[in-house]
Amino acid sequence: MEAVAEPFVTALARFRDDVRIVARKEKVRDILDVCDSLRDDVLPELGVRLEDIEGQPTAIKFVDKEVLLRERKRERELAEEKRKAKEEARRVQSEKQAAKEALKRIPPSELFRREPDKYSQFDEQGIPTHDAAGIKVGEGRRKKLRKLYEQQEKVYAEWTENRPN
């Protein structure tokens with residue numbers, strides 16, 4: 001059977017190669033997609049695998065149809081997993097950006113007051129003096145909190161200057 005089909009598949013593969021060369025040269029993405037569909041969807045149903053090798057004619061292999069269909073299914077599953085991971089990464093990035101934008105709107109004096117589970121008492125600027133258990137915040141920690149407060153002052157000032165009226 002393969003001996004009978006091989007000349008036809010070879011002719012088809014060469015034609016496909018020629019079409020791909022023209023499509024790349026003319027930058028016609030739709031034609032490349034059709035060529036890929038022939039390779040990925042049509043020929044595997046017939047037990048034929050075409051392997052594109054850059055700079056060489058397409059390799060032709062006769063393989064059991066079921067093997068090709070399992071491979072195609074697995075490739076599509078992997079592509080879907082990759083798509084979902086990318087989508088999740090975009091969602092996480094979007095959430096981070098939204099949180100960053102929301103933080104800009106918080107006055108520096110309110111920055112730490114939003115965390116009653118961490119801090120219970122504050123000085124006149126709103127910088128914590130005591131943690132949630134009522135224990136005085138150490139000087140090193142207070143210095144870090146003051147630095148965060150100063151950063152928030154700058155961010156908040158920029159936001160108030162640039163916000164739409």
Side-chain angles (χ1 to χ4, degrees), residues 16 19-45 49-56 58-59 63 65-165:
R16 180 179 169 274
V19 169
R20 286 170 44 92
I21 289 168
V22 172
R24 282 183 173 172
K25 181 180 172 189
E26 299 296 324
K27 295 183 170 91
V28 184
R29 183 73 204 158
D30 291 341
I31 292 175
L32 290 170
D33 290 342
V34 171
C35 289
D36 289 346
S37 178
L38 175 68
R39 179 196 62 210
D40 299 337
D41 301 324
V42 176
L43 293 177
E45 292 282 344
R49 173 187 289 152
L50 296 184
E51 295 177 353
D52 293 328
I53 303 168
E54 195 65 40
Q56 297 181 20
T58 299
V63 182
K65 174 183 169 182
E66 296 304 318
V67 171
L68 292 175
L69 295 178
R70 278 194 305 271
E71 287 176 0
R72 181 174 66 181
K73 180 181 178 191
R74 182 63 187 141
E75 286 172 8
R76 288 184 176 165
E77 288 170 351
L78 290 173
E80 180 63 14
E81 287 173 16
K82 187 177 178 180
R83 184 195 64 77
K84 285 181 180 179
K86 208 173 194 179
E87 188 176 290
E88 177 65 13
R90 273 195 297 264
R91 186 190 62 76
V92 167
Q93 183 63 30
S94 177
E95 286 178 1
K96 284 181 182 179
Q97 186 63 31
K100 191 175 179 180
E101 287 298 317
L103 189 60
K104 290 179 181 181
R105 294 175 168 87
I106 299 171
S109 61
E110 297 299 315
L111 181 63
F112 301 108
R113 294 181 194 274
R114 302 174 325 129
E115 303 176 289
D117 57 322
K118 290 184 179 180
Y119 309 109
S120 62
Q121 295 179 32
F122 308 88
D123 65 12
E124 61 283 344
Q125 290 180 302
I127 300 173
T129 57
H130 292 75
D131 66 15
I135 300 170
K136 189 172 180 162
V137 175
E139 202 52 44
R141 178 75 178 134
R142 192 143 157 77
K143 187 175 180 181
K144 289 178 185 177
L145 293 170
R146 189 173 293 114
K147 194 175 235 181
L148 288 172
Y149 176 89
E150 289 167 358
Q151 287 174 347
Q152 184 66 18
E153 276 184 317
K154 291 176 187 172
V155 169
Y156 184 73
E158 286 177 19
W159 178 78
T160 53
E161 288 174 16
N162 297 327
R163 73 176 174 195
N165 292 341

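- Taking all atoms of both residues into account, the shortest heavy-atom contact from P108 to Y156 is CD-CD2, 3.7 Å.
- Residues R16 and V19 have side chains not in contact (no heavy-atom distance under 4.5 Å, counting atoms from C-beta outward).
- Within the 4.5 Å cutoff, the side chain of Y119 has heavy atoms near those of the L145 side chain.
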(message) Applying salt bridge (Lys or Arg N to Asp or Glu O under 4.0 Å) to E77 and R74, what does each step give before you reach the verdict?
(response) CA-CA 5 Å; E77 288 170 351; R74 182 63 187 141; 3.4 Å; yes

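- Note that CZ of F122 is 11.0 Å distant from CD1 of I127, once rounded to the nearest 0.5 Å.
- In this structure, the side chains of E45 and L69 come closer than 4.5 Å at one or more pairs of heavy atoms.
- Looking at every heavy atom in both residues, R142 comes nearest to D123 through NH2-OD2, 2.8 Å.
- Taking NZ of K65 as the reference point, atom CZ of R72 lies at 9.5 Å (rounded to 0.5 Å).
- A heavy-atom distance below 4.5 Å is not found between the side chains of K104 and T160.
- Residues D131 and S120 come closest through the heavy atom pair O-OG, 2.7 Å.
- When all heavy atoms are compared, the tightest approach of Y149 to Q125 is CE1-O, 3.3 Å.
- Of all non-hydrogen atoms in A132 and D117, the two that sit nearest each other are CB-O, 3.2 Å.
- Note that the NZ atom of K96 and the CZ atom of R91 stand 11.0 Å from one another [nearest 0.5 Å].
- The main-chain N or O of E110 is never found under 3.5 Å from a side-chain atom of Q152 such that the two would form a donor-acceptor pair.
- The two residues R113 and G126 have their closest heavy-atom pair at NH2-CA, 3.6 Å.
- To the nearest 0.5 Å, the span separating CD on E80 from CD on E87 amounts to 8.5 Å.
- With contacts defined as side-chain heavy-atom distances shorter than 4.5 Å, the pair K25/I21 does not qualify.
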(request) Decide yes or no on salt bridge (Lys or Arg N to Asp or Glu O under 4.0 Å) for E54 and R24, but give the supporting numbers first. (result) CA-CA 13 Å; E54 195 65 40; R24 282 183 173 172; 3.3 Å; yes

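- Residue L43 holds its CG atom at 9.5 Å from CG of L68, rounded to the nearest 0.5 Å.
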(request) For the pair R76 and D41, evaluate salt bridge (Lys or Arg N to Asp or Glu O under 4.0 Å) and give the outcome as yes or no after the intermediate values. (result) CA-CA 11 Å; R76 288 184 176 165; D41 301 324; 2.3 Å; yes

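- Between K73 atom NZ and L78 atom CG the span is 12.0 Å, to the nearest 0.5 Å.
- Using a 4.5 Å cut-off on side-chain heavy atoms (C-beta onward), R114 and L103 make contact.
- Judged by distance alone, with hydrogens and angles left aside, the side-chain atoms of R105 form a donor-acceptor pair with the main-chain N or O of E101 at under 3.5 Å.
- Using a 4.5 Å heavy-atom cutoff, the side chains of R20 and I31 are not in contact.
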